[in-house]
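Structure first, commentary second.
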Amino acid sequence: MTMSVEHKADPTPAEAPTRHPEARRAANRAGLLTTLSPKRVSALYVLLVIIVLFSVWVPETFPRMATLQQVLNGNAVIGMAALALTIPLSARVFDLSFAYTMSLAGVTAAHFVADKDWPLIMAVGAALAVSLLVGFINAIVVVVLGVDSLIGTLATGSIIQAFITFVTDEIPITDAKLFGGFADIGQHTVGGFILPVYYMLLIAVAVWFFLQHTPLGRRIYATGFNTEAARLTGIKTRRIQFCSLLVSALVAGWAGVSLAGILGSGSPTAGTPYLLPAFAAAFLGATQIMPGRFNAWGTLLGVVTLGAGTTGLALATAPAWASNMFTGIVLIAALAVTTVQRRANGTPSRWRRLLRRA
Amino acid sequence: MTDLRVLSTHSTEMSTTMKHHPILRRTLAAAAALAMSASLVGCSGEAKDATPTAAVDQAGLQQARDLVAEYTSRPTEIPNKAPIDKPIPQGKTITFISAGTSTSNLEYDIIKKATDKLGWNLNQIANDGTPEKVKSAWDQILRAKPDGVIYSATDRATFNPELVEAAKQGIKVVACCTTDPADDALTYVVGTPQQSAEVGKLMAAWQIDQSDGKAHTVYVDLSAFKILGAVHNDYVNTMTDLCPACATDTLDVPITALGKDVPDRIVSYLRSHPDVKYVALSVDGALGTGLPAALKAAGLSDISVIGEGPDETTLQYISSGQQKATVAFPYYEEMFSLVDALARQFAGVPVEQGVTIPNWIVNADNLPTDSEIFPVVADGDQQYYALWGVS
């Protein structure tokens, strides 16, 4: 995807005080309209339509606090997985191994708790250490050896799955010990929301602050926009891509531990189904809030929008295929809206030129 | 005037915004399309509620209770009954086609136990279940020419030419858990839809019993798996026959939801159908993993879940009271029955077709272990060894 940055011509601080108050209000309104422009938050409008539609369609179940809880509780792991991808994607690196890292982390933590009687904190620490190791191997393969990240991380993912199968024989790790503190990691609720919802929000805040408010975050974006140009300006692009894969693996590892807590077992294939939904959410997120940039809040908006739609359809007892169709339509619609808007802001189409002449 | 000007300015800005943001119109159009799609989806909803109006059928309830009482006792009889009265040749080579899943690994281990006892060699060809890999496995079999082949849960249409060729070469092929009937090429099938159907009856009986004949239930189906169709039919028929005061509905889950949002779909269904308190899972492990946590997070603490074909996670759920019951899958008995069919063919005695599969409703009270898949018949292996005349 093209990662262009669009700047609006905002008034300089020197100009602003000289403006008439009415003009300032008008400028503020224009700024708000820009912020709420469908170009930036099309998913928000889709979300509003979803809320209105399902509130009318299934008024007895949808417009309830329980729905919000269900949407967030049911999509917290996808949210974390998508956020894990945000930083490497911003640095123009794919990490297809994250889903396998999730499985590995969950299995590792469950193994040490159930089979080795390790204290929970040590087992989780071991799972995160293993995840970091995966990230390190990914980084070696992609950055040091120069293998294309799409292929390289797919290969490491395959090796991780083989390793999991070798160790577990594809049998989930279960034990009564996993229903104590281990399950609480994923199942304990605070205010009606399971802990992974809070993990997701914390990770989102961290990613947002890191990408938007630190020099390193800007260097990551610069690396993603044009790696060669960034390198020529002195940015250590290889180091940035290396570290982005470490961060991705660490977050994926935590998502995997949370998922294992939700399941109450270490499932050898638990992470795999999250591969495509997480990428879908991350790419949808890149069209929101800051179009053209992978960003934390856009990603969460994408996750919530898709989650609200699928939950609404399920509450309305829609057919089994409806959920996938909805996801596909929303993805195409959101991406198409952004693309069309970008074209509209760039070279006018032949059709548009004809209209102007008319 | 100022106010009017402001309004006018605002209106102009809005108009300008609309002009400069044609995307707003497109978004609204897309939203309208979305709404129309959703409406269409709603119009074609498949869920079918059956509101009960009849009184509790006491005779039906008693019948259900009798079934539950009978099937919560551990079965003692294996599928096969007749001893093999001719010598079973040793040194046979058997190939097992594995799908590389935990189930396949378990099946391999059980078959290995049986073939070792008979003095046979067991090989395994692993594949990932894709048609290409399945065909490739059969090509390998035709080259290796083993004496017998065992496979599980694969549609014959994928490899029918190879199967027919194998039969011509004298290779004996037996299978489990398929809708394909036995014939000259596929000499024996166990776990047929007819043999599996009883599981649906038992799940229905359990729920009728637990609800005193007034259950509002949902059957969570994986209709993509044809073999489960018979289980579903028996479930619905039993509910209809024995429980006129019960209401039964079906929630179909696509394969693409497995491992992802199945618990969320079930929670949504239960929230939109607050009368439904009983859930039947057509496949325990695939549909039930993560369900207790999702029910708990949604505050649905009064839901009773029964399934069939538990995996290790399900056993833990039952042990810890998070799932009420399951109908254990007779892996051991069916795999031993497949080896038995090969033994009979090698020995030159008739194969016992259409055997009765033992079923067992397992709950927290009679669960033998929560750490591994167990045989339904406790001494099933010894009974088979006795039929085969080996010690």
Side-chain angles (χ1 to χ4, degrees), chain A residues 22 26 29-30 33 37-39 42 45-46 49 53 57-58 61 66 69-70 73-74 169-172 174-176 178-179 183 186-187 189 194 262-265 267-270 272-274 277 310-311 313-326 329-330 333 337 340-341 344, chain B residues 6 9-10 13 17 21-24 26-28 30-31 33-35 37-38 41-42 44-47 100-102 105-106 223 251-254 256-261 263-265 267-269 271-273 289-290 292-294 296-299 311-313 315-317 319-320 322 370-371:
Chain A
E22 204 168 287
R29 279 198 297 274
L33 284 171
S37 159
K39 182 184 73 175
S42 57
Y45 290 96
V46 173
V49 170
L53 176 70
W57 190 356
V58 275
T61 50
Q69 289 168 347
Q70 189 185 341
N73 290 342
D169 210 15
E170 292 276 351
I171 296 171
T174 60
D175 196 283
L178 297 178
F179 289 117
Q187 297 185 21
T189 56
I194 57 174
I262 290 171
L263 301 178
S265 67
S267 169
T269 54
T272 322
Y274 290 88
T310 51
T311 300
L313 287 168
L315 286 173
T317 330
W321 48 264
S323 174
N324 285 337
M325 174 173 278
F326 166 80
I329 288 173
V330 169
V337 159
V340 168
Q341 178 66 23
Chain B
V6 169
T9 309
H10 180 70
E13 278 173 9
T17 303
H21 293 278
I23 205 65
L24 181 59
R26 289 194 181 97
T27 302
L28 291 174
L34 189 69
S37 305
V41 164
S44 60
E46 288 169 353
T101 62
S102 60
N105 295 340
L106 173 65
S223 61
L251 175 65
D252 194 15
V253 172
T256 50
L258 296 183
K260 205 170 63 180
D261 65 344
D264 203 42
R265 285 171 185 254
V267 164
S268 293
Y269 178 89
R271 283 190 56 220
S272 59
H273 299 78
T289 303
K296 184 180 159 195
D311 64 4
E312 290 79 357
T313 304
L315 299 181
Q316 284 290 333
Y317 288 164
S319 169
S320 60
Q322 298 183 77
D370 61 6
S371 58

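Since we're looking at a predicted model, the values are computed, not measured. The sequence lines fix the lettering, A, B, ..., with proteins before strands; numbering per chain opens at 1.
- Listed options A:D169, A:T311, A:V58 were ranked by heavy-atom pairs under 4.5 angstrom with chain B; first place goes to A:D169.
- Taking every heavy atom of both residues into account, B:G259 and A:Y274 meet most closely at O-CE1, 4.0 Å.
- Heavy atoms closer than 4.5 Å to chain B are found in the side chain of A:N73, but not in its backbone.
- Note: B:P254 leads B:P254, B:G290, B:S223 in heavy-atom pairs under 4.5 Å with chain A.
- Pairing each heavy atom of A:A320 with each of B:R265, the nearest pair is O-NH1, 3.4 Å.
- Rounded to the nearest 0.5 Å, atoms OH (B:Y317) and OG1 (A:T174) are 10.0 Å apart.
- Atom OG1 of residue B:T313 and atom CG of residue A:D175 lie 11.5 Å apart, to the nearest 0.5 angstrom.
- Pairing each heavy atom of A:A314 with each of B:S272, the nearest pair is O-OG, 4.3 Å.
- Interface residue B:L258: only backbone heavy atoms are found under 4.5 Å from chain A.
- With a 4.5 Å cut-off on non-hydrogen atoms, B:K296 touches chain A through its side chain but not through its backbone.
- Counting heavy-atom pairs under 4.5 Å between each of B:A294, B:A293, B:G299 and chain A puts B:A293 at the top.
- At least one donor-acceptor pair under 3.5 Å links the side chain of B:R271 to the backbone N or O of A:T61.
- Heavy-atom distances place no part of A:P268 under 4.5 Å from chain B, backbone and side chain included.
- Nearest heavy-atom pair across A:N324 and B:T256 is ND2-OG1, 2.9 Å.
- Proximity to chain A is absent for every atom of B:S319, based on heavy atoms less than 4.5 angstrom apart.
- In terms of heavy-atom pairs under 4.5 angstrom with chain A, the leader among B:D261, B:L106, B:T289 is B:T289.
- One N or O on the side chain of A:Q70 and one on the backbone of B:D264 form a donor-acceptor pair closer than 3.5 Å.
- Residue A:S265 touches chain B through its side chain alone, counting heavy-atom pairs closer than 4.5 Å.
- When every heavy atom of A:A176 is checked against every heavy atom of B:Q316, the shortest pair comes out as N-OE1, 3.2 Å.
- When B:K260, B:Q322, B:E312 are compared by the number of non-hydrogen pairs under 4.5 Å with chain A, B:E312 comes out ahead.
- Of the atoms belonging to A:I194, it is side-chain heavy atoms, and not backbone ones, that fall under 4.5 Å from chain B.
- The shortest heavy-atom contact between A:P172 and B:D311 is CG-OD2, 4.3 Å.
- For a residue to count as touching a neighbouring chain, one of its non-hydrogen atoms must lie under 4.5 Å from one of that chain's; by this rule B:A297 touches chain A with backbone and side chain alike.
- With a threshold of 4.5 angstrom between heavy atoms, B:D370 approaches chain A through N, CA, C or O but not through any side-chain atom.
- Ranking A:A183, A:S323, A:G264 against chain B, the residue ahead of the rest is A:S323, based on heavy-atom pairs under 4.5 Å.
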